[in-house]
Amino acid sequence: MKKIEHIGIAVKDIEKSNALFAKLFGKPHYKMETVASEGVNTSFFKVGTNKIELLEATKEDSPITKFIEKKGEGIHHIAFDVEDIEAEIKRLKKEGFIVLNETPKRGADNKLVAFLHPKSSNGVLIELCQEINE
Ligand code: ZN
């Protein structure tokens, strides 16, 4: 793994949270994107070299709906930048982690992504992401 790519925060109302985090960081989000397959709206902030992703559910059975029902708003996942996502999936499976996406899928922000189940990583949902070069 190369570095933390972003931290994902689950929110109930992305417009309200965009305003809140803009106040916190002193600048607005730089993009929004809907990931229909995941049932989420996302928005991204840059803080120095770091990125924060806000996630809002777009449907009842979105993973974000379930997360907020169980835990409330808050930090949802930590995403790590990887060079070769397929190789990392193989490596982490061998190490005993539960990989939720055997085949990486297209996530927000031009990335291939795969998640590790939080029960295999001390309660932390881990996202692996690899930049798509096109
Ligand atoms: Zn993410």
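Index from 1, following the sequence. We use all heavy atoms of the structure for the numbers below, so side chains are in, but hydrogens, waters and symmetry mates are not. Atoms within each ligand, like the ligands themselves, are counted from 1 in listed order.
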Participant: Can a side-chain donor-acceptor contact be found between Thr58 and Asn41 if the only test is distance below 3.5 angstrom?
Facilitator: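 No, no side-chain donor-acceptor contact under 3.5 Å.
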Participant: Protein N, O or S atoms less than 2.8 Å from the Zn ion (ligand 1), ignoring waters?
Facilitator: His6 NE2, Glu53 OE1, His77 NE2, Glu127 OE1
Participant: If I compare all heavy atoms of Leu92 with all of Leu116, which pair ends up nearest, and what's the gap?
Facilitator: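 Heavy atoms of Leu92 and Leu116 come nearest at CD1-CD1, 4.0 Å.
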Participant: Is any NZ, NE, NH1 or NH2 atom of the basic residue among Asp109 and Lys51 found under 4.0 Å from an Asp or Glu carboxylate oxygen of the other?
Facilitator: yes
Participant: Is there a side chain to side chain donor-acceptor pair (under 3.5 Å) between Glu127 and His6 once you walk through the steps?
Facilitator: CA-CA 9 Å; Glu127 177 183 1; His6 62 269; 3.1 Å; yes
Participant: Report yes if the side chains of Lys12 and Glu56 come closer than 4.5 Å at any heavy-atom pair, otherwise no.
Facilitator: no
Participant: Is the cationic atom of Lys27 (NZ for Lys, CZ for Arg) positioned less than 6.0 Å from the six-membered ring centroid of Phe45 and within 45 degrees of its normal?
Facilitator: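 So Lys27 doesn't make the cation-pi contact.
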